[in-house]
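Comments concern the structure below.
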Amino acid sequence: MQVSDLDLIGFGRLLSWLDENGISSGPLSDVEQLSGGTQNILVRFTRGGRSYVLRRPPRYKRDTSDEAMRREAAVLAGLAGSDVPHPRLVGLCTDQDVLGCVFLVMEGVSGFTATTSVPEPVASSAALQRAMGLSMVDALAALGRVDPAGAGLSGLGRPEGWLERQVPRWRAQLESYQTLRGWPGPDLPGLDDVADWLDANRPARWRPGLVHGDFHLGNVMFDPATGTVSAVVDWELATQGDPLLDLGHLLASWPDPDEPRKRGAAVPLPGLPGRDELVARYAEGSDRDLAHVDWYHVLACFRLGIILEGTHARARAGKAPRDIGERLHLTAQALFEGALRVIGGPTRPTGR
């Protein structure tokens, strides 16, 4: 995030909105931009002795940016009272005269995000690092147990046919980047082979639930004393679908010391559990069928790689920071190479 992003926050108008909605009182203090995000702008501030985080779309809004803010607010409201660690929603502003966009305000969460910093004692403790990984899986299992209807989220997304729509939906997303001038087109290893394998090996049965949609170390805050998850953040891609996709995302994005292009932790964390232990832990907290976990791993590589390539395309068009676009392009390529390793060669059905 650039320092100049603070000029997008009209603090006088924000104060008026906070007053109108009864969100503490007095001046704002300790205002700071939070680093680590690439898709939206996060600003932490204190008011009335309480910490808050404002989340708004990026400087160059996408067509879906405002709807994404509404979606995130709805999901945070729906998760209230659940076992899923999340920031408490304080308010949603849909009046674009305030800041020029839809934005939301959340309660501040104490903790660290491992992609930007890892404090002591976690940085030196294998036991606390292991707790980080297992706690992330526990949070996922808890999300998979949430009943969307009971959480007031039955209208979120379209679960019918969700699994069948995934490959064509993300291929169409990739094709849409052609409208961004300056993007040279997809340079993603094995794009067609991965897509064909996913279509040929799609599970025949699955059970809908809530999906975070972008679950990795960068979207989780940890308690520095225990290594456990304080909150899962960034819910703008949440929907109804197959929660096993989130497990696939965790596996696809898990730090790999042999793959520097993949987004990992700010410092090496050798105590993190391996992928097999993550899957075993998920099985302890879920009754979902994990027979096709490799399929969800590959789908996550495919989907996340295409999402990240979108930032690369916007960067080439001058609508996102160039350095971030290039970094995420390399990560997208690494994800597709990871998918190819999982499928183990040419496209071939393995049966259902």
Side-chain angles (χ1 to χ4, degrees), residues 84 113-115 129-144 163 166-167 170 188-190 193-195 197-198 201-203 206-207 209-220 222 229 232 234 237-239 241-265 268-308 328 330-345 350:
V84 181
T113 302
T115 53
Q129 294 167 20
R130 182 171 182 270
M132 290 171 62
L134 298 182
S135 182
M136 286 182 72
V137 175
D138 291 345
L140 275 190
L143 179 61
L163 217 60
Q166 290 304 296
V167 172
W170 293 107
L188 301 172
D193 286 341
V194 172
W197 185 90
L198 286 168
N201 292 278
R202 185 174 56 247
W206 62 284
R207 190 168 84 245
L210 289 182
V211 178
H212 177 276
D214 192 18
F215 193 84
H216 55 74
L217 276 174
N219 283 335
V220 175
F222 297 95
V229 174
V232 179
D234 194 356
L237 294 178
T239 189
D242 192 332
L244 291 180
L245 175 61
D246 283 334
L247 179 60
H249 266 264
L250 184 62
L251 299 175
S253 62
W254 203 235
D256 183 350
D258 297 324
E259 178 45 85
R261 293 171 299 174
K262 281 182 59 176
R263 185 178 186 177
L269 298 173
L272 289 175
R275 288 180 175 84
D276 289 346
E277 188 173 4
L278 296 176
V279 174
R281 179 73 168 211
Y282 190 92
E284 293 176 6
S286 173
D287 62 355
R288 294 181 181 274
D289 183 0
L290 299 181
H292 295 278
V293 68
D294 282 351
W295 189 88
Y296 294 95
H297 184 168
V298 173
L299 175 61
C301 291
F302 181 80
R303 178 180 181 271
L304 181 56
I306 290 174
I307 290 172
L308 297 183
L328 295 185
L330 293 176
T331 304
Q333 290 181 322
L335 286 164
F336 270 84
E337 290 172 7
L340 289 172
R341 286 193 294 272
V342 174
I343 68 177
T350 59

Checklist entry - Salt bridge between Arg275 and Asp256, side-chain N to carboxylate O under 4.0 Å? => result no
Checklist entry - Are the side chains of Leu245 and Arg303 in touch, meaning some heavy atoms are under 4.5 Å apart? => result yes
Checklist outcome for this item: Value for OG1 (Thr115) from NE2 (His216), rounded to nearest 0.5 Å, stands at 7.5 Å
Next on the checklist: What I'd like to find out is whether the side chain of Phe336 reaches to under 4.5 Å of the side chain of Val194, using heavy atoms alone.
Outcome noted: yes
Checklist entry - Please walk me through it: do Trp170 and Leu198 pass side-chain contact (heavy atoms from CB on, under 4.5 Å)? => result CA-CA 12 Å; Trp170 293 107; Leu198 286 168; over 6 Å; no
Next on the checklist: For Arg202 and Gln166: C-alpha separation, side-chain torsions, deciding distance, then whether side-chain contact (heavy atoms from CB on, under 4.5 Å) applies.
Outcome noted: CA-CA 10 Å; Arg202 185 174 56 247; Gln166 290 304 296; over 6 Å; no
Checklist entry - Do Phe302 and Leu188 have side chains that get closer than 4.5 Å, going by heavy atoms? => result no
Next on the checklist: Could you report the tightest heavy-atom contact between Asp234 and His212, atom names first, then the distance?
Outcome noted: O-NE2, 2.9 Å
Checklist entry - Looking only at heavy atoms, which two atoms of Pro255 and Ala265 are closest? And how far apart? => result CG-N, 4.2 Å
Checklist outcome for this item: Which of Val220, Leu278, Asn219, Leu272 passes side chain to side chain contact (heavy atoms under 4.5 Å, CB included) with Met136? It is Val220
Checklist outcome for this item: Looking only at heavy atoms, the pair that brings Leu335 and Leu308 closest together is CD1-CD1, 4.0 Å
Next on the checklist: For Asp214 versus His249, what's the shortest heavy-atom pair and its separation?
Outcome noted: CA-ND1, 4.3 Å
Next on the checklist: Main chain of Gly209, side chain of Asp242: is a donor-acceptor contact present, judged purely on distance under 3.5 Å?
Outcome noted: no
Item to check | For the student: nearest non-hydrogen atoms of Glu277 and Pro273, plus distance | outcome: OE1-CB, 3.3 Å
Checklist entry - Roughly how far, to the nearest 0.5 Å, is the OG atom of Ser286 from the CG atom of Leu140? => result 10.0 Å
Checklist entry - Is the shortest heavy-atom distance from the side chain of Val293 to the side chain of Leu251 under 4.5 Å? => result yes
Next on the checklist: Which residue in the set Trp206, Tyr282, Phe215 passes side chain to side chain contact (heavy atoms under 4.5 Å, CB included) when paired with Pro243?
Outcome noted: Tyr282
Checklist entry - Which distance, rounded to the nearest 0.5 Å, do you find between the CZ of Arg281 and the CG of Asp276? => result 15.5 Å
Checklist entry - Trp197 versus Asp193: any side-chain heavy-atom pair under 4.5 Å? => result no
Checklist entry - side-chain contact (heavy atoms from CB on, under 4.5 Å) between Leu210 and Val84: does it pass, once the steps are laid out? => result CA-CA 11 Å; Leu210 289 182; Val84 181; over 6 Å; no
Item to check | Minimum-distance pair of heavy atoms, taken over all atoms of Val229 and Ser135 | outcome: N-OG, 2.8 Å
Item to check | Asp287 side chain near Arg207 side chain, heavy-atom distance below 4.5 Å | outcome: yes
